[in-house]
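The next block holds one structure in the form of structure tokens; read it before the comments.
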Number of protein chains: 2
Amino acid sequence: MSRSTRSGTRGEILDAAARLFAATGFKGTSLQDIAGEVGCSKAALLYHFDGKDAILAELLAPAVEAFTTLDARLAGLGDEDVQLAAVEGYVDLVMRFRREVTVLYDDIPALLQRPAFAGVHGMSDRLLDALAARSPAPAARIAALMVLSAVPVICMERIEIGVRTAPIMIGDDELRSILTRSAARTLDLRGA
Amino acid sequence: MSRSTRSGTRGEILDAAARLFAATGFKGTSLQDIAGEVGCSKAALLYHFDGKDAILAELLAPAVEAFTTLDARLAGLGDEDVQLAAVEGYVDLVMRFRREVTVLYDDIPALLQRPAFAGVHGMSDRLLDALAARSPAPAARIAALMVLSAVPVICMERIEIGVRTAPIMIGDDELRSILTRSAARTLDLRGA
DNA sequence: TCAGAAGCTGACCGATCGGACAGTTCGGAG
DNA sequence: CTCCGAACTGTCCGATCGGTCAGCTTCTGA
């Protein structure tokens, strides 16, 4: 379960796939690429996994699980507390699963259609609602959407936006703090 | 040059391509798809255009030109005025070229490598700089990156984020106003 | 009337992809 | 020693893609 150097060929496949998916995207990585990185045949991948999708599902499973946990926690909060908790929980989630988020961002619509991510749509909807403090006002929902879309981009391991700016070299704690405060400003959230 | 119903087969191809690229992405749209929509053969597309890339380049050319204009205007402003002008100019740019932005978002890294978009990287870098009020502080740059990445998502014709929320039904003027104010809050920009 | 250009078609090509499958290697249990 | 199953390979398949090409129609101007 450690981030790098899993044991056995199966583990090596997962490691290589995680690296390549994050670097060149899910669609942009072929089974041949992974096999080449591992040093085995493409058929070996399909011996250990039911297919390319199965590799992806196993890689993203921990992130989906953590998202589910956050979803459950937010569900138990009242409208007053839910917004701040959503901001902090979301920033934390994305930062903890940077690599997974990077992979997911490659092609969200197609990826989320897979059965392994059946519940993600609903959870995303509820998270958006929480970020908007469960307000139906357009201004609140747009600000929530902005936060929802901006946070992953900042944390991604690969720059998807057109900018080629030098990576911002700061520690995770400072990044988390800046992200949380910026998101709170976007949402016009008091007391953050 | 009108958004819909260009004249002639060549115009129909551009219209169909614009619709399909926005709906299913550049990579997700095959020449066969476009030909089917137009009602001609795939070879006819390649008679009118040098290739799939050429269709894309022609579709995005007006947006690139408008971006170039914005870039030039921002270059003439001092550090005090540039941030607000960047916010308003960027929001305006993205809203005016929603469809083009939607297409571009499909695969920014690969798309921007094409010669037709040679200058976009530099312009994006300078826009980011302007949004950060040309400050090197990490907090300013992160907030600028958040704005840069969030605004297009809100305006896109196709929802790329996981949420399946009902589209926010408001007029363009209100959307522009909300976007500008939200972005200003994110950037901690006074007097917007 | 006729040559030639414009517009377009169907057939085809090579590359790449995910995946299927039969066969091979090899270590350990009986 | 035998055998069996896990691990793995090389090869092939069908589908899809962007793109090429020879040739067919249709319109036009000298």
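A, B, ... follow the sequence lines: proteins, then strands. Residue 1 opens every chain. These numbers come from a predicted model, not from an experiment.
Not a single donor-acceptor pair under 3.5 Å links the side chain of A:Arg73 to the backbone N or O of A:Thr69. Not a single donor-acceptor pair under 3.5 Å links the side chain of B:Ser135 to the backbone N or O of B:Ala140.
Here C:dC17 presents its P atom at 14 Å from CG of A:Leu46, a figure rounded to the nearest Å. Protein atom NZ of B:Lys27 is 14 Å distant from nucleotide atom C1' of C:dC17, rounded to whole Å. Between B:Leu45 atom CG and C:dG10 atom C1' the separation is 14 Å, expressed in whole Å. The CD-C1' distance, from B:Gln32 to D:dG18, rounds to 11 Å in whole Å. A:Lys52 places its NZ atom 19 Å from the P atom of D:dA15, with the value rounded to the nearest Å. Atom CZ in B:Phe49 sits roughly 16 Å away from atom C1' in D:dG19 (whole-Å rounding). The nearest whole Å value for the distance from the CZ atom in A:Phe26 to the P atom in C:dC17 is 13 Å.
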Show your reasoning for whether salt bridge (charged side-chain N to carboxylate O under 4.0 Å, His left out) applies to A:Arg126 and A:Asp71. CA-CA 7 Å; A:Arg126 287 189 291 276; A:Asp71 185 53; 2.9 Å; yes
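Looking at A:Arg181 and A:Ser177, their side chains do bring a donor and an acceptor atom within 3.5 Å of each other. In the model, A:Ser30 has a side-chain atom that pairs as donor or acceptor with a side-chain atom of A:Asp33 under 3.5 Å.
Residue contacts shown for B:Leu31 are limited to sugar-phosphate atoms, with no base heavy atom under 4.0 Å away.
The local environment of CG in B:Asp79 is crowded, with over 12 non-hydrogen atoms from other residues, nucleotides or ligands closer than 6.0 Å.
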Using atom names, set out every protein N or O paired with an N or O of nucleotides 5-11 of chain D below 3.5 Å, distance rounded to 0.1 Å.
| residue | atom | partner | partner atom | Å |
| --- | --- | --- | --- | --- |
| D:dA7 | OP2 | A:Tyr47 | OH | 2.7 |
| D:dC8 | OP1 | A:Thr9 | OG1 | 2.7 |
| D:dC8 | OP2 | A:His48 | NE2 | 2.5 |
| D:dT9 | OP2 | A:Ser41 | N | 2.8 |
| D:dT9 | OP2 | A:Ser41 | OG | 2.7 |

